[in-house]
Amino acid sequence: MSQAIALIDGNSFYCSCERVFDVKLRSVPVIVLSNNDGCAIARTAEAKALGIRMGEPWFKIRELCRTERVRVFSSNYALYGDMSARANEVYRRFSPRVEIYSIDESFLDLTDVAPGRRLELARDLRATVHRWTGIPTCVGIGPTKTLAKLANHLAKTNPALAGVCDLSDDNERSHWLCRTALEEVWGIGRASQAKLRALGCDSVADVRDLDPRPVRRALTVVGERIIHELRGRACLSLETVAATRKGCAVTRSFSSRVEDLATMEQAVAAHATRLGEKLRRERLGTDHVTVFFHTSEHDTGNPQRSASTVVTLPEATSDTLALIKAATAGVRRIWKTGYRYSKAGVITVDLVPLAASQRALFDGLDRERGGALMDALDACNRRWGRGAVVPGTAGFGSQRTWSTRFDMRSPRYTTRIADIPVVGSA
DNA sequence: TCTGGGGTCCTAGGACCC
DNA sequence: TCTGGGGTCCTAGGACCC
């Protein structure tokens, strides 16, 4: 029997999370902005109807949002991450095999569900998730991940389908593939779309019927896989165990331009601190850190500069103090005065698992002490909030002119004691 | 004033090796 | 015309995703 995969995702997920905790947001337009309040990354149907596009810069839609009374929020990742975890708990009651694909999307294995019962299960799943978490969702089902994604798109954009779509049946599938534009396919972006149109394709069905060999030449093996997946032959398997991450980065735009070395060092030290937290949470380490900063291409009339350097550490580590030392050394190495820098970051690749590495072999006292110190640091920051305790070498204290903007963030309703909503009045 | 952040995968081409 | 023929490893850059 061929497999059946479902893709479930939250509708306007970040906006829906905000709506769960504020009933006044229901049925009014809502958008959520990216980091630094840069651009719109989630919009409700009402906001889309006003013409607000995905990725549109905040300063361009600010006036529209004021006149149309759009409710605007900064990103609240603590809230969205927690709501995502709750939704996935519900998914696991419906399928033993779940792949968490992104913060708002999961693939579920429905192979063992009888074909005639899959839509019924999908409706039950949607209703349960909505009842238990407050998040509205859509479900797409197909014999491959690519077709499940496409089915999900159809479920979301065709009101007649009422939020569920099953493309398991050959005839049903052909019907829809002929009527769907090729750019809706998962993995076909702007560049591939242009190439496929040049090959005479218009609909998804046209792409499905291409000869895979010329497609491989034009779109690499990725394009060839898409064709097989659209034909119902799976090339992408369900990954129920999260792979160990390969790289890790912390990069941020500044809320105002940075022009002096001391501020840049502070900012990069803060990013290195955050990097250490992320690495320790997954017990990973790195023996080199890339540091970069650059000006903004939107700053026309000002000189442009982009600089980066790789700093090597004596051994793989996740120790914040070592990471800060390396990162600030990198800043000094490539620093040049006379530019208005807009963004900086620290990046690592080739992460290694730390627990079982040299640590056990060469455990010196210093390292033991460092590990205990970092454990204590993480425990404090878990308890009192990120940034409650920071190393003195991070250079905090003066005002954080470089820090990211989050002017319109909602409370951390579910992850912060002081922010838990109160029902009724005293 | 003002334009996000963090990932993955794939390929081409250079360096180097036997 | 043509100057050996593979291998591996690394890096930069493109493309795509959410």
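Just so you know, these numbers come straight off a predicted model, no measurement behind them. Lettering follows sequence order; numbering is per chain, from 1.
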Phosphate-side-chain proximity, [X] and [N], N/O vs OP1/OP2 below 4.0 Å:
| X | N | result |
| --- | --- | --- |
| A:Ser253 | B:dT3 | no |
| A:Arg252 | B:dG6 | yes |
| A:Lys343 | B:dG5 | yes |
| A:Arg245 | B:dG7 | yes |

Residues in contact with DNA chain C, drawn from residues 190-201 of chain A - heavy-atom cutoff 4.0 Å: A:Arg190, A:Ala191, A:Ser192
At a heavy-atom distance below 4.0 Å, what parts of [range] sit against DNA chain B?
| range | result |
| --- | --- |
| residues 205-214 of chain A | none |
| residues 135-159 of chain A | none |
| residues 52-59 of chain A | A:Pro57, A:Phe59 |

Under the 3.5 Å Watson-Crick or G-U criterion, the dot-bracket string of DNA chain C, with | for inter-strand pairs: ....||||||||||||||
Criterion side-chain contact (heavy atoms from CB on, under 4.5 Å) against A:Leu238, the qualifying member of A:Leu108, A:Asp109, A:Val98: A:Asp109
Criterion side-chain contact (heavy atoms from CB on, under 4.5 Å) against A:Thr286, the qualifying member of A:Val349, A:Leu354, A:Leu323: A:Leu323
What pairs of nitrogen or oxygen atoms, one from the protein and one from nucleotides 9-13 of chain B, lie under 3.5 Å apart?
{"unit_1": "B:dC9", "atom_1": "OP2", "unit_2": "A:Lys246", "atom_2": "NZ", "d": "3.1"}
{"unit_1": "B:dC10", "atom_1": "OP1", "unit_2": "A:Arg225", "atom_2": "NH1", "d": "3.1"}
{"unit_1": "B:dC10", "atom_1": "OP1", "unit_2": "A:Arg225", "atom_2": "NH2", "d": "2.5"}

Axial cation check for A:Phe406 ring with A:Arg409, 6.0 Å and 45° limits: yes
